[in-house]
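Letters A, B, ... are given to chains in the order of the sequence lines, protein chains preceding strands, and every chain is numbered from 1.
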Amino acid sequence: MMEESTPTDFVRQMVADDIDSGKWDGRVQTRFPPEPNGYLHIGHAKSICLNFGIAEEFGGKYNLRFDDTNPAKEEQEYVDAIKEDIRWLGFDWEDREFYASDYFEQLYDWAVLLINDGKAFVCDLNGDEMREHRGTVTEAGTESPHRSRSVEENLDLFARMKAGEFPDGSKTLRAKVDMASPNMNLRDPVMYRILTATHHRTGDTWCIHPMYDFTHGESDSIERVTHSICTMEFEDHRPLYDWYLDALGIYHPQQIEFARLNLTYTMMSKRKLLELVEEKQVSGWDDPRMPTICGLRRRGYTPESIRAFCHEIGVTKFNSTTDMAVLENALRADLNKRAERRLAVLNPLKVVIENYPEGESEELDAINNPEDASAGSRTIPFSRELYIERDDFMEDAPRKFFRLSVGKEVRLRYAYFITCTEVIKDDDGNVIELRCTYDPATRGGDAPDGRKVKGTLHWVSAAHAVEAEVRLYDHLFENPDPNDVQEGQTYRDNLNANSLKTLTGCQLEPSLSQATPGDRFQFERRGYFCVDTDSTPQTPVFNRTTPLRDAWAKIQKQKQKGK
RNA sequence: UGCCUGGUAGUGUAACGGUAGCACGACUGACUCUGAAUCAGUUAGUCCAAGUUCAAAUCUUGGCCGGGCAACCA
């Protein structure tokens with residue numbers, strides 16, 4: 001149990017207080033209630049980590065419950081994807097996988113009970129009429145003309161609604177609360193609507209389906225949930241949550257609201273994410289630029305980094321936007337510790353070592369992960385013709401440029417010191433090849449005479465290299481707030497045209513030919529990369545998960561600004 | 001305009017009437033066979049105004065500003 005680990009946020013505080021006071025007999029029971037109408041995103045991860053994390057920390061249980069009361073929008077595909085994502089995040093709900101639709105029978109009985117108590121009635125108003133009767137935020141609504149129907153008539157009508165005697169939308173069951181309430185949710189809310197659609201679980205058994213408000217608290221009650229944690233937009237619904245439970249006189253959990261996650265350069269709106277997918281702005285829900293769990297997974301994020309992030313950002317009730325850099329920091333911190341290093345040249349420039357014998361090669365030792373000795377080492381082949389990164393060479397190099405240029409000596413990582421002697425250009429003046437010499441005495445990367453070089457470059461042996469496609473990703477949106485657009489524009493106008501750059505002809509060290517989809521590496525001096533699901537042994541495809549911090553790029557950027 | 005909520009460095013958060021702290025970012029510097037990582041340091045904050053108190057980010061009152069709510073969605 002909790003020893004000295006003090007509560008870190010107001011929700012945990014509340015749970016700890018309840019344990020101390022014995023409010024729920026020391027029990028902690030939470031739930032994560034997704035609607036299976038879309039894919040989970042990083043915002044859901046925050047909720048999952050909160051709900052499930054609290055149960056874990058306080059020795060309680062957590063349920064996965066699908067809030068599937070709207071067959072028009074929900075699909076089995078989403079149920080499967082949601083389960084996969086939560087499992088990947090590292091949570092196990094054991095046998096506690098529930099569906100609101102499992103409670104339809106009980107919910108119906110409870111609705112009948114409310115009718116019998118005179119607390120619910122069948123209403124014939126259509127959508128437009130109901131809207132007119134609802135009033136406005138400043139004016140009270142007017143009661144439905146059907147509000148005073150007798151219990152018998154209501155019972156009869158509701159039974160016939162269930163039996164399918166009336167067309168969709170022609171009648172509703174409504175709670176009799178208060179048409180004058182300043183809280184719109186309490187103005188005789190709809191409990192049931194007639195909606196004929198095949199449900200992914202109940203099929204065509206039901207033509208009436210309960211609304212969220214009449215389902216959620218009741219489901220929590222059935223599952224003996226102690227703390228029903230949800231996002232702020234349900235705060236106004238809490239009075240109704242409480243009203244139903246009290247009217248029914250059943251077990252009454254506590255609803256607690258927290259602020260949803262916002263992240264810069266992306267968005268969490270399920271509706272808009274769906275639009276991006278449907279409009280083919282991205283390749284799918286798992287496009288590596290998407291904030292979805294499956295997108296992050298394909299991008300190369302680790303579940304551990306996502307959980308660490310969710311822990312770091314805390315939980316409050318005020319709306320805020322977390323800097324994407326915080327997520328990236330959690331990612332790099334994790335990957336730095338576990339990703340094996342490899343040498344990979346993304347934009348190859350050919351280098352010929354003139355004093356290295358033709359047709360020969362040798363194996364050099366390379367450390368797999370300097371942060372983890374147990375990762376061991378590997379060998380990489382070296383030969384006369386190599387590739388280095390194009391921007392590791394400059395003809396007119398500034399003083400601070402520590403890399404290669406004519407007459408300068410640098411180290412090839414784990415290999416030799418080389419000095420550039422000549423630049424070869426094509427007819428247009430483009431650099432197409434460098435001629436260099438190497439110092440055989442520096443084998444392994446150290447000079448016996450103790451001389452130092454300022455730069456160390458990554459490289460691959462041309463003859464041994466594996467050719468690959470590499471996809472470079474950047475923010476999906478230009479603006480930190482995608483919805484910050486001019487009049488008449490939408491978030492679409494904010495899409496970053498350069499969010500995906502595909503590089504072909506990249507040259508990787510040969511050990512990478514063994515990599516399989518999902519494998520993560522650090523390409524030294526470049527960033528963290530993972531093998532994409534599109535990858536095949538013939539044409540390997542790597543995604544750049546995130547670049548390494550780049551002090552040199554920063555210096556250049558500052559110089560450009562200064563000019 | 002009514003109701004519900006909330007305002008602490010640039011950003012995200014902590015401080016439970018008693019020294020405003022942490023993380024990310026930014027900026028220095030050290031170290032370096034990754035211009036990475038690591039280490040050290042700098043920067044910068046209680047929305048405003050009154051009040052209560054020996055003492056207020058915290059309590060009171062009044063402003064100001066932000067978010068949510070008028071689906072037979074969740």
Side-chain angles (χ1 to χ4, degrees), chain A residues 8-9 13 33-35 37 67-70 72-74 100 123 125-127 130-131 134-141 168-174 181-187 189-195 208-209 211-213 215-216 230-239 257 259 261 264 270-271 312-330 332-333 336-337 341 343 366-367 370-371 400-403 410-415 417 442 444-446 452-458 480 522-527 547-555:
Chain A
T8 51
D9 58 70
Q13 180 98 243
E35 181 189 13
N37 69 341
D67 227 325
D68 55 350
T69 57
N70 186 354
K73 289 188 180 176
E74 296 147 7
C123 182
L125 258 31
N126 64 33
M130 208 178 286
R131 197 168 304 119
R134 190 153 34 229
T136 68
V137 286
T138 50
E139 299 165 78
D168 280 13
S170 61
K171 282 179 170 41
T172 57
L173 181 72
R174 293 225 259 164
S181 172
N183 183 343
M184 302 295 290
N185 296 121
L186 262 24
R187 321 251 258 226
V190 172
M191 294 168 60
Y192 270 92
R193 75 281 216 190
I194 304 175
L195 199 176
I208 55 171
H209 292 92
M211 301 289 290
Y212 165 85
D213 286 302
T215 305
H216 204 90
C230 62
T231 43
M232 297 294 293
E233 67 267 29
F234 294 105
E235 201 157 26
D236 283 340
H237 292 246
R238 178 154 33 91
E257 308 86 12
L261 171 70
T264 54
K270 257 198 215 178
R271 197 198 88 228
E312 279 164 25
I313 56 176
V315 183
T316 65
K317 284 175 84 88
F318 39 88
N319 55 301
S320 58
T321 302
T322 299
D323 198 322
M324 181 66 95
V326 179
L327 212 208
E328 285 170 356
N329 179 264
R332 289 199 187 98
N336 178 48
K337 296 284 181 228
R341 316 284 127 126
L343 302 186
I367 294 164
E371 303 283 333
K400 297 278 267 297
F401 188 76
F402 302 150
R403 309 175 186 183
V410 297
R411 171 171 36 236
L412 293 182
R413 176 140 241 228
Y414 297 126
F417 285 13
T442 58
D446 282 306
K452 301 280 183 196
V453 286
K454 203 69 175 133
T456 299
L457 312 187
H458 59 282
Q522 183 198 99
F523 290 174
E524 294 212 21
R525 305 208 305 134
R526 297 264 66 151
L548 249 26
R549 283 203 185 79
D550 189 345
W552 172 243
K554 211 178 266 182
I555 291 168

Review point. NA contact type, T215(A), heavy-atom cut-off 4.0 Å: base, sugar-phosphate, or nothing?
Key: nothing
Exercise for review: Give, for atom NZ of K171(A) and atom CD1 of I208(A), the distance between the pair rounded to the nearest 0.5 Å.
Suggested key: 13.0 Å
Practice item. Using the P atoms only, state how far C47(B) lies from U38(B), rounded to an integer number of Å. Key: 33 Å
Check your understanding: Reckon I313(A) touches a base, only the sugar-phosphate, or nothing at all at heavy-atom distances under 4.0 Å?
Key -> sugar-phosphate
Review point. Applying a 3.5 Å limit to both distances, which nucleotide forms a Watson-Crick or G-U wobble pair with A74(B)?
Key: none
Practice item. Please give the nucleotide sitting opposite U32(B) as a Watson-Crick or G-U wobble pair, both distances under 3.5 Å, or none. Key: none
Revision key, fill the gap. Answer for the Watson-Crick or wobble partner of G2(B), both distances under 3.5 Å, is C69(B)
Practice item. Output yes if the stacking criterion (under 5.5 Å between centres, under 30° between planes) is met for F318(A) over the base of G6(B), else no. Key: no
Point to revise | base_contact_polar (U34(B) base, Q522(A) side chain, donor-acceptor, <3.5 Å) | key: yes
Exercise for review: With sequence neighbours left out, write down each residue that passes ring-ring contact (aromatic ring centres under 6.0 Å, His included) with F401(A), or none if nothing qualifies.
Suggested key: W552(A)
**Study point:** Under 4.0 angstrom between R131(A) side-chain N/O and A71(B) OP1 or OP2
**Key:** yes
Practice item. Determine whether any donor atom in the side chain of R341(A) lies under 3.5 Å from an acceptor atom in the base of U34(B), or the reverse, and answer yes or no. Key: yes
**Study point:** Inter-nucleotide P distance (A56(B), G17(B)), Å rounded
**Key:** 14 Å
Exercise for review: Over 60° means perpendicular and under 30° means parallel, so classify the ring planes of F234(A) and H237(A), tilted if in between.
Suggested key: perpendicular
Check your understanding: Atom OG1 in T215(A), atom CG in D67(A): separation rounded to 0.5 Å?
Key -> 7.0 Å
Check your understanding: So what does N319(A) touch, heavy atoms closer than 4.0 Å: a base, only the sugar-phosphate, or nothing?
Key -> base
Review point. Base, sugar-phosphate, or nothing: which does H216(A) touch, judged by heavy atoms less than 4.0 Å apart?
Key: nothing
Exercise for review: Looking at every strand, decide which applies to E235(A) at a 4.0 Å heavy-atom threshold: base, sugar-phosphate, or nothing.
Suggested key: sugar-phosphate
**Study point:** Donor-acceptor pair, side chain of T264(A) and main chain of M324(A), under 3.5 angstrom
**Key:** yes
Exercise for review: Give one of base, sugar-phosphate or nothing for T172(A), where a contact means two heavy atoms less than 4.0 Å apart.
Suggested key: base
Check your understanding: Rounded to the nearest Å, what distance is computed from the CG atom of residue D67(A) to the C1' atom of nucleotide A71(B)?
Key -> 16 Å
Check your understanding: Base, sugar-phosphate, or nothing: which does T264(A) touch, judged by heavy atoms less than 4.0 Å apart?
Key -> nothing
Check your understanding: What about R549(A): does its side chain form a donor-acceptor pair under 3.5 Å with the base of G35(B)?
Key -> no
Check your understanding: Taking atom C1' of A71(B) as reference, at what distance in whole Å does atom CE of M191(A) sit?
Key -> 17 Å
Practice item. Taking atom P in both A40(B) and C4(B), compute the distance separating them and give it to the nearest angstrom. Key: 49 Å
Point to revise | Pairwise P distance, G6(B) and U60(B) [rounded to whole Å] | key: 12 Å
Check your understanding: Is E235(A) salt-bridged to K317(A), going by a charged N under 4.0 Å from an acidic O?
Key -> yes
Exercise for review: For nucleotides C3(B) and U11(B), find the distance between their P atoms and express it as a whole number of Å.
Suggested key: 30 Å
**Study point:** Any residue meeting salt bridge (Lys or Arg N to Asp or Glu O under 4.0 Å) with R411(A), in chain and number order, not counting sequence neighbours
**Key:** none
Study note, to complete from the structure: D168(A) CG to C73(B) P, in whole Å, measures 11 Å
Review point. How close do P370(A) and R341(A) get, heavy atom to heavy atom, and via which atoms?
Key: CD-CG, 3.7 Å
Exercise for review: Could you check whether M211(A) gets within reach of a base, just the sugar-phosphate, or nothing at all, counting any heavy atom under 4.0 Å?
Suggested key: sugar-phosphate
Point to revise | T69(A) versus R193(A), closest heavy-atom pair with distance | key: O-NH1, 3.5 Å
Check your understanding: Base, sugar-phosphate, or nothing: which does K270(A) touch, judged by heavy atoms less than 4.0 Å apart?
Key -> nothing
**Study point:** Strand partner of U42(B), provided both Watson-Crick or wobble distances fall under 3.5 Å
**Key:** A26(B)
Check your understanding: Mind checking who C64(B) pairs with, Watson-Crick or G-U wobble, both distances under 3.5 Å?
Key -> G7(B)
**Study point:** Distance, C1' atom - from U46(B) to A15(B), rounded to whole angstrom
**Key:** 11 Å
Review point. Using atom C1' of each nucleotide, how far apart are A57(B) and U34(B) to the nearest Å?
Key: 44 Å
Check your understanding: Heavy atoms under 4.0 Å, any strand shown: does F417(A) hit a base, just sugar-phosphate, or nothing?
Key -> nothing
Check your understanding: Is T69(A) touching bases, backbone alone, or none of the nucleic acid, heavy atoms closer than 4.0 Å?
Key -> sugar-phosphate
Exercise for review: Describe the nucleic acid contact of L125(A) in one word from base, sugar-phosphate, nothing, applying a heavy-atom distance below 4.0 Å.
Suggested key: base
Study note, to complete from the structure: chi for A14(B) classified (syn = within 90 degrees of 0, anti otherwise) as anti
Point to revise | Quiz item: H237(A) side-chain donor-acceptor pair to A74(B) base, under 3.5 Å | key: yes
Exercise for review: May I ask you to say what G127(A) touches in the nucleic acid, namely base, sugar-phosphate or nothing, with a heavy-atom cut-off under 4.0 Å?
Suggested key: base
Review point. Should U13(B) form a Watson-Crick or G-U wobble pair with both distances under 3.5 Å, which nucleotide is its partner?
Key: G21(B)
Check your understanding: Considering every strand shown, what is the Watson-Crick or G-U wobble mate of U53(B) when both distances are under 3.5 Å?
Key -> none
Practice item. Nearest-nucleotide wise, let me know which of D236(A) and V190(A) is further upstream toward the 5' end of RNA chain B. Key: D236(A)
Check your understanding: Using a cut-off of 4.0 Å on non-hydrogen atoms, how would the nucleic acid contact of T322(A) be classed: base, sugar-phosphate, or nothing?
Key -> sugar-phosphate
Review point. Pick the nucleotide of RNA chain B nearest each of N336(A) and I194(A); which residue has the one closer to the 5' end?
Key: N336(A)
Practice item. In whole angstrom, give me the gap between the C1' atoms of G63(B) and C72(B). Key: 42 Å
